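Letters go in sequence order (proteins before strands), and every chain restarts at 1. Given the structure is predicted, the values throughout are model-derived calculations rather than measurements.
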There are 2 protein chains.
Amino acid sequence: MTIGQKIRELREKTGMLQRELAYELEVGDAYLSKIESNQKNLKKEHLTTISKLFKYSYSELETLWLANKVYDLIKDEKKAIEVLKVAEQEIKYRKTL
Amino acid sequence: MTIGQKIRELREKTGMLQRELAYELEVGDAYLSKIESNQKNLKKEHLTTISKLFKYSYSELETLWLANKVYDLIKDEKKAIEVLKVAEQEIKYRKTL
DNA sequence: TATATTTGACCAAATTAAGTCAAGTCAAAA
DNA sequence: TTTTGACTTGACTTAATTTGGTCAAATATA
């Protein structure tokens, strides 16, 4: 589940149009279309609006949003999974300090 | 092991000074100091020079370099590990397509 | 046909990258 | 104990990239 998919899911479940959600977010509908298909990422502030509007966990949205950023960074790398493992070790190691 | 630590390790093992390695990389020694302590990241091209100079696996350097970028992105997040898991799922999912 | 969505090309503003320089620290040598 | 050499740090700069969009045209979809 990507942040874009989640937003689309929330929007469609409530029968909202892109145009309408775009209006709430104060962006154009073309931009929202790209957000839903993960071609662009929205800014973090938008998560607040979406969270309130659909009464959906902010924290979960934030996790998806961050995961999407990580994904973007390594999606084209063959070693993507290995890279994540190394990063994870680093985080776990730091916690022991 | 971070990319900075690895570079420092390689440099010290050969008794090289920061000033000398910095010269090879064509940067200032203050900058190299920051790279070794992960305050700055070097550009990818520098990995080639380092790989050749110390005869150390380019691929491994690249993994550390990427991991460092991922780490930078989420290091301050409480949910860092969870975020990595979500990103990992995304990568694995995409592979099945 | 009309309405909803997608896409590609483009843009300005904000952010990050990629450094530098000067001053400071720190350990060891003189 | 002063000096020296290696390294670190903070403040700053400039250029490149990314972000956060828009608009018009193309494509579904009903």
| Proximal nucleotide (of dA17(C), dT8(D), dG19(C)) relative to the Ser33(B) side chain | dT8(D)
| remark: Between CG of Leu32(A) and C1' of dA4(C) the distance, given in whole Å, is 12 Å
| field | d(OH, Tyr23(A); C1', dT22(D)) in whole Å | value | 18 Å
| said: I'd like to know if the side chain of Ser51(B) and the backbone of Ser57(B) have a donor-acceptor N/O pair within less than 3.5 Å. | reply: no
| request: May I ask you to decide if Glu36(B)'s main-chain N or O and Arg8(B)'s side chain share a donor-acceptor pair within less than 3.5 Å? | output: no
| Any ion pair linking Glu90(A) and Arg94(A) (charged N to carboxylate O, less than 4.0 Å)? | no
| query | Below 4.0 angstrom from OP1 or OP2 of dC7(D), is there any side-chain N or O of Arg11(B)? | reply | yes
| field | Glu26(A) CD - dT22(D) P separation (whole Å) | value | 11 Å
| message | Can you identify which nucleotide, out of dT9(D), dT5(C), dA18(C), has its nearest atom closest to the Leu17(A) side chain? | response | dT5(C)
| request: Can you tell me the distance, in whole Å, between the CZ atom of Arg19(B) and the C1' atom of dG5(D)? | output: 8 Å
| Nearest-Å distance, CD1 (Ile35(B)) to C1' (dT9(D))? | 15 Å
| query | With a non-hydrogen cut-off below 4.0 angstrom, is Asp29(A) in contact with a base, only sugar-phosphate, or nothing? | reply | base
| Separation of dT22(D) P from Leu25(A) CG (nearest whole Å) | 11 Å
| message | OP1 or OP2 of dT6(C) versus the side-chain N and O atoms of Arg8(A): is any pair under 4.0 Å? | response | yes
| field | Lys/Arg N to Asp/Glu carboxylate O, Lys85(B) vs Glu88(A), below 4.0 Å | value | yes
| message | Output the rounded distance in Å from NE2 (His46(B)) to P (dA17(C)). | response | 15 Å
| said: I'd like to know if Lys6(A) pairs up with Glu9(A) as an ion pair, taking the criterion as any Lys NZ or Arg NE/NH1/NH2 lying under 4.0 Å from an Asp or Glu carboxylate oxygen. | reply: yes
| So, is Gln39(B) close to the dT8(D) phosphate, meaning a side-chain N or O under 4.0 Å from OP1 or OP2? | no
| field | Whole-Å distance separating the CG atom of Leu42(A) from the P atom of dA14(C) | value | 19 Å
| Within the modelled atom types, does a donor on one side and an acceptor on the other bring the side chain of Lys34(A) and the base of dG8(C) under 3.5 Å apart? | yes
| OP1 or OP2 of dT6(C) sitting under 4.0 Å from any side-chain N/O of Gln18(A)? | yes
| query | Taking the side chain of Ala30(A) as its heavy atoms from C-beta onward, which of dA24(D), dT5(C), dG20(D) lies nearest to it? | reply | dA24(D)
| request: Could you check Ser37(B) against Lys40(B) and say which one's nearest nucleotide on DNA chain D is further toward the 5' end? | output: Ser37(B)
| task | Choose from dT7(C), dA18(C), dC7(D) the nucleotide whose nearest atom is closest to any side-chain atom of Tyr31(B). | result | dA18(C)
| field | Closest to the Val27(B) side chain, choosing from dT20(C), dG20(D), dA24(D) | value | dT20(C)
